[in-house]
Amino acid sequence: MGKSVIFNQLTGSNQIIGNWPGKTVDRAEGTLSFEGYEIRVIDLPGIYSFSTFSMEEIVSRNYVALEKPDAVINVVDASVLERNLFFTLQLLEMDAPLVLVLNQVDVAKNKGIIIDKDKLSALLGVPVVFATAIRGEGIYEAVREAVKVAASKPKPKHLTYRKDLEEQIEKLQGIIETENLTFGYPSRWVAIKLLEGDTEITELAAEKSKNLILQTKRMGEEFEKHCQEKCFSIIASERYALANSIVASSLQQDEVWHPFTDKLEWFTTHRVFGYVTAFAVIGGLLLWTFFVGTTLSDLISRGLNLIHPINSELSASAPILSIILNGFWGGIDAGLTLIIPFVIPFYLLLALIEDSGLLIRVAFMMDSAMHKIGLHGKALIPIILGYGCSVPAIHSCKIMETRRERLLAAFAITFAPCSARTIVLFGMVGLFVGIQWALLLYVVNLAIIFAMGRIAMKAVPGKSTGLIMEMSSFKQPSLKVVLKQTWTRTKSLIYIVFPIYIVGGALIQVLYIYDILTPISNVMYPLTVLWLGLPAFAGVLLLLGAVRKELIILGAVAILGTTNLLVGFTSVQLVVMALVAMLYIPCVSTMAILGKEFGWKAAALISLSNIGTALLFGGLTFHLLTLLA
């Protein structure tokens, strides 16, 4: 807990993000200058064991064992120390040059937990550092201890398990050393993994020594018969027993405190109130975005109305220049009043929800619902991130265990209304039709995601896995982290996309006024006008939206020459336009990441599903609303 926060504080902007060689797992690397040392810092994937259940675990253990880093900083949550020591003991089994960083000591103190740092260090045989990473406390001490470990290379302490288990481990270790078998891993660790039945280590051992495999099988069967329990379960129990013993000797909690966060934990994971919380979080995010965005939009609009950038005399003397300038101003106007006011509050509250620990509770509560579409609750995290931007959300699907689940999650994300789609929804429907219609479209969208997920689950064979994820403690969000996260997500919009709005607004207005876009409108007339009931120029808007969804609003403003969209649309048409925009083909960036992650065939099939769904529900909605009107 706090691993990536510490990495970011150590490396700052000196980071390189990529994939591990031959793997799809993220690799973050940076550099740190510390007291004359130039240190290379690697951020390993966040894991809880050295099993072979996920690619992240394999990548991490191979790096620690085979690359032999000078020091390993193991960051654990001090408030749940016993649970986290399970992984620390596995690092010690691997003879890792370890520094143990107990993060969130402030949370532990709030729970009445007192940790004897020196006693814990003596029991484990490694340096222990207290830290509150979010405030930068303990970071310097952690690096200082890591440098000491790297320089002195202390001999790791040999932690022992119960006698009969140690006898089995020592026998296998003796065979490995007698036969001079080299695995790249410590011989004791290999012996333990062989007893556990680790698939990768067993296959590796089988290539080197049939005798070792035969002896492992014989000893394992005898040991299991003696203990009436599977070997992997025995070893896991021993690790937890040792962790419990260490914690009992180094931790005190004379008075059990029940802070407010414990009550909040109970409420947000309750079988009834938990669902209320989950829907309240999602609904609150939307309402906050709308009301704050609407207020900001109104204030900015009033300010811009005082500006008259286009000289009326210019329209007569230089009409083309006048059109271009009007287009430029239209892009600025649309960006400042219909787009940016909704983006910033959305990302701000999303960062607060993430940093507080509330988002992971929502994912936990939605686990059963996710299983209905072949996923588990962990998939809700990428899906909610998809409400910000589909590209990083699809990229984050790597947290899912299987390709099937990653593909199903990515498919669901393409239907989730990203911030750009949310802008279209609020900028078209929320402002000009009513917030109740915007919220209704969100409910419809969720129902469509569920329905399409069910169809995709049937089409892609396989089973979904259970939910195993860290439930970190609630904490007070850090204003610094929240603002940094918000800025990271919005800066590209301001630096890169906003200039596109300005130039694009001018270009669209010129092309439309000189009838260059008319052929496109004519070709799409049967779909846009006859089936969807939209204005003829909507075909152009849909094509623009395939590049970036905000361009739908920008194009409408440029074509109509005003930010009042009711000039060119009826209320029903705005509802239909927003619904189609929420569902049809994601932007080109999303298509690119889909093609990269899953192949272009899968990307094409997903796109066709989006288009077909959008046209079907868009047309049905128009005809239904027309009948009811």
* To do: Show the numbers, then the answer: is there a side chain to side chain contact (heavy atoms under 4.5 Å, CB included) between Asp198 and Arg61?
  => CA-CA 13 Å; Asp198 184 282; Arg61 84 178 192 181; 2.8 Å; yes
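- In this structure, Ser356 and Pro477 approach most closely via the heavy-atom pair CB-CG, 3.7 Å.
- Proximity of Leu554 to Leu551: side-chain heavy atoms (C-beta onward) are separated by under 4.5 Å at one or more points.
- The CZ atom of Phe183 sits 10.5 Å away from atom CH2 of Trp189, with the distance rounded to the nearest 0.5 Å.
- Checked against ring pair (Phe, Tyr, Trp, His ring centres under 6.0 Å), Phe598 has no partners two or more places apart in sequence or in another chain.
- One distance of note links CD1 of Ile520 with CZ of Phe537; it measures 14.0 Å at 0.5 Å rounding.
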Do any side-chain atoms of residues 602-621 form donor-acceptor pairs under 3.5 angstrom with protein atoms, and if so which ones, sequence neighbours left out?
residue	atom	partner	partner atom	Å
Ser607	OG	Ala603	O	2.9
Ser609	OG	Leu605	O	2.9
Asn610	ND2	Thr414	OG1	3.3
Thr613	OG1	Ser609	O	2.7
Thr621	OG1	Phe617	O	2.6

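- The shortest side-chain heavy-atom distance between Thr486 and Val482 falls under the 4.5 Å cut-off.
- Of the possible polar contacts, none joining the Tyr63 side chain to the Leu44 backbone as a donor-acceptor pair under 3.5 Å is found.
- Residues Leu349 and Trp288 form a side-chain contact, since some pair of their non-hydrogen atoms from C-beta on lies under 4.5 Å apart.
- With a 6.0 Å radius and a threshold of 12 heavy atoms from other residues, nucleotides or ligands, Lys68 has its NZ atom above the threshold.
- A search for salt bridge (charged side-chain N to carboxylate O under 4.0 Å, His left out) contacts involving Glu196 returns Lys193, Arg239, not counting sequence neighbours.
- Taking 4.5 Å as the limit, every side-chain heavy atom of Ile552 sits out of range of all side-chain heavy atoms of Leu544.
- Proximity of Ile39 to Thr31: side-chain heavy atoms (C-beta onward) are nowhere separated by under 4.5 Å.
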* To do: Please assess Ile423 against Phe346 for the test side chain to side chain contact (heavy atoms under 4.5 Å, CB included), listing each intermediate value before the final yes or no.
  => CA-CA 10 Å; Ile423 290 166; Phe346 178 87; over 6 Å; no
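- Taking both residues in full, the closest heavy atoms of Val64 and Ala96 are given as CG1-CB, 3.9 Å, listed atom of the first, atom of the second, then distance.
- Listed here is the closest heavy atom pair of Phe86 and Ala236: CE1-O, 3.8 Å.
- Of all non-hydrogen atoms in Asn103 and Ala133, the two that sit nearest each other are OD1-N, 2.8 Å.
- Taking the charged nitrogens against the carboxylate oxygens, Glu550 and Arg421 have no contact shorter than 4.0 Å, which rules out a salt bridge.
- At least one side-chain heavy atom of Val80 sits under 4.5 Å from a side-chain heavy atom of Asp77.
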* To do: I would like to know whether Phe7 and Glu29 meet side chain to side chain contact (heavy atoms under 4.5 Å, CB included); could you show each step before the answer?
  => CA-CA 9 Å; Phe7 174 76; Glu29 180 178 336; 5.5 Å; no
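- From Leu204, atom CG reaches atom OG1 of Thr199 across 12.5 Å, with rounding to the nearest 0.5 Å.
- Between Asp70 and Arg40 no salt bridge is recorded (no basic side-chain N to carboxylate O distance below 4.0 Å).
- Heavy-atom minimum distance, Leu541 versus Ala556: CD2-N, 3.4 Å.
- Trp437 CH2: 12 or fewer foreign heavy atoms inside a 6.0 Å radius.
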* To do: Evaluate side chain to side chain contact (heavy atoms under 4.5 Å, CB included) for Val101 paired with Asn74, printing each intermediate quantity in order.
  => CA-CA 6 Å; Val101 174; Asn74 178 210; over 6 Å; no
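- A distance of 7.5 Å separates CG of Leu32 from CD of Glu38, quoted to the nearest 0.5 Å.
- Expressed to the nearest 0.5 Å, how far CG of Leu532 lies from CE of Met524 amounts to 8.5 Å.
- In this structure the side chain of Ile73 never reaches within 4.5 angstrom of the side chain of Ile6, judged on heavy atoms.
- The closest donor-acceptor contact from the side chain of Asn445 to the backbone of Leu583 lies at 3.5 Å or more, if one exists at all.
- One N or O on the side chain of Thr422 and one on the backbone of Cys418 form a donor-acceptor pair closer than 3.5 Å.
- Here the straight-line distance linking atom OG of Ser521 with atom CG of Leu534 works out to 11.5 Å at 0.5 Å rounding.
- Between the Asn84 side chain and the Val76 main chain, no donor and acceptor come within less than 3.5 Å of each other.
- Contact check on Arg406 versus Glu597 returns no salt bridge, with no Lys/Arg side-chain nitrogen under 4.0 Å from an Asp/Glu carboxylate oxygen.
- For the pair Lys549 and Tyr584, the tightest heavy-atom approach, listed with the atom from each and the gap, is CE-CE2, 3.6 Å.
- Within the 4.5 Å cutoff, the side chain of Val429 has no heavy atoms near those of the Leu579 side chain.
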